[in-house]
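Remarks on the structure that follows.
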Amino acid sequence: MTNNIRPLVAGNWKMNGLKAELAIASAVAQGYEPGLRRSVDLAICPPATLLFAVSAALIGSRIATGGQDCSAHESGAYTGEVSAAMLADSGAQFVIVGHSERRTLHGERDADVNAKAEAAQAAQLVPIVCVGETRAEREAGKALAVVKKQLRGSIPQGSTGATLVVAYEPVWAIGTGLTPTVADVADMHAGIRTELARLLGKSVAPGVRVLYGGSVKPSNAAELMGVANVDGALVGGASLKAEDFLGIARACGA
Ligand code: PEP
C-alpha cells in the first residue's frame, strides 16, 4: 500500500456475463458493508452489453463501473466500436485500456493504448492503463525495461492521481494461477512509481493508484496487497464470484 492512497479493487469480467450475472453485481453491493466502504473503493467492469444494467443495479452502492476497452475515436464510422463517451453515458467512471488480451489478440501497441487513454480522459473517464511483461521478457531480465517503455508510450501527459490508474499485470500471471514473488512485485511497483515520477512529476506520482493484477484470489490477496506501492488489484476470474471479489476487497482494505 501507499500512504494516503485509497485502494481500488476493480473486477474485469472479460467476455463473461449475461443478464443473469447481474446477480453478481447485486451480491457485491450487498457485501460492501460500511466497514469495507470506509477503506477500499470497488469497481466492476462488465461486458459493454451489461454496463448500463450493472451501473443501474449499483446506484446508491458507491461501487463504480467501468468498460473493458474503448475506441480512440470520438464518434463516427467505426462499426462495432464503443466510444468513451458511450461508456460514460452508460454509467461508467473507469475504462480498462491496454489489457494484455487487447495487446496480444488485437495487436494494440502503446500508441493505440495512449490514444484510448486520452479519449477516456476527454470523456471524463479514468483509464486503467495495463502494462506487464511476458514470461520470456521476465526470464531475459527485461521486465522492468519493458514495463517502463509501455508506461512511457501509453500514459497521457498531464495525468494525475484523479485521472489515471495504472495496473501492473504480468502477462504470464493472467488467468494461470501463477503470481510473481512478493519481492518481484515490490521491485516492479517501486520501479513503476519512479517512472511515474519521471513522466508526471514528483508531486503527482505518489497519488497515482498502481494496481497489481494476475491470478489474485482471496488466499493470496493479503500478501500481494501488503506490498509497498501496491494500491489495489485488477481481478479477472475471481471477480465473477461475489464472495471471492469481496474477499479480495477485504484483504485490501485490512
Ligand atoms: C485480468 O484479466 O486482468 C486478470 C488479472 O485476470 P485473472 O485475475 O483471472 O488472472
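Counting convention: from 1, in listed order, for ligands and their atoms alike. All values reported here derive from a predicted model rather than from experimental measurement.
Here side-chain hydrogen bond (donor to acceptor under 3.5 Å, both in side chains) pairs that include residues 42-67, with residues two or more places apart or in two chains, are S55-T65.
Around ligand 1 you find N12, K14, H99, E169, A173, I174, G175, G213, G214, S215, L234, V235, G236, G237, each with a heavy-atom distance below 4.0 Å.
A search for side chain to side chain donor-acceptor pair (under 3.5 Å) contacts involving S71 returns E81, not counting sequence neighbours. In this structure, the ring pair (Phe, Tyr, Trp, His ring centres under 6.0 Å) partners of Y168, at least two apart in sequence or on a different chain, are H189.
Using a 4.5 Å heavy-atom cutoff, the side chains of V182 and E223 are in contact.
Applying the 6.0 Å contact sphere to CD of Q157 captures no more than 12 heavy atoms from other residues, nucleotides or ligands.
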Trace of the side-chain hydrogen bond (donor to acceptor under 3.5 Å, both in side chains) decision for R109 with S154: CA-CA 8 Å; R109 293 152 308 150; S154 306; over 6 Å; no
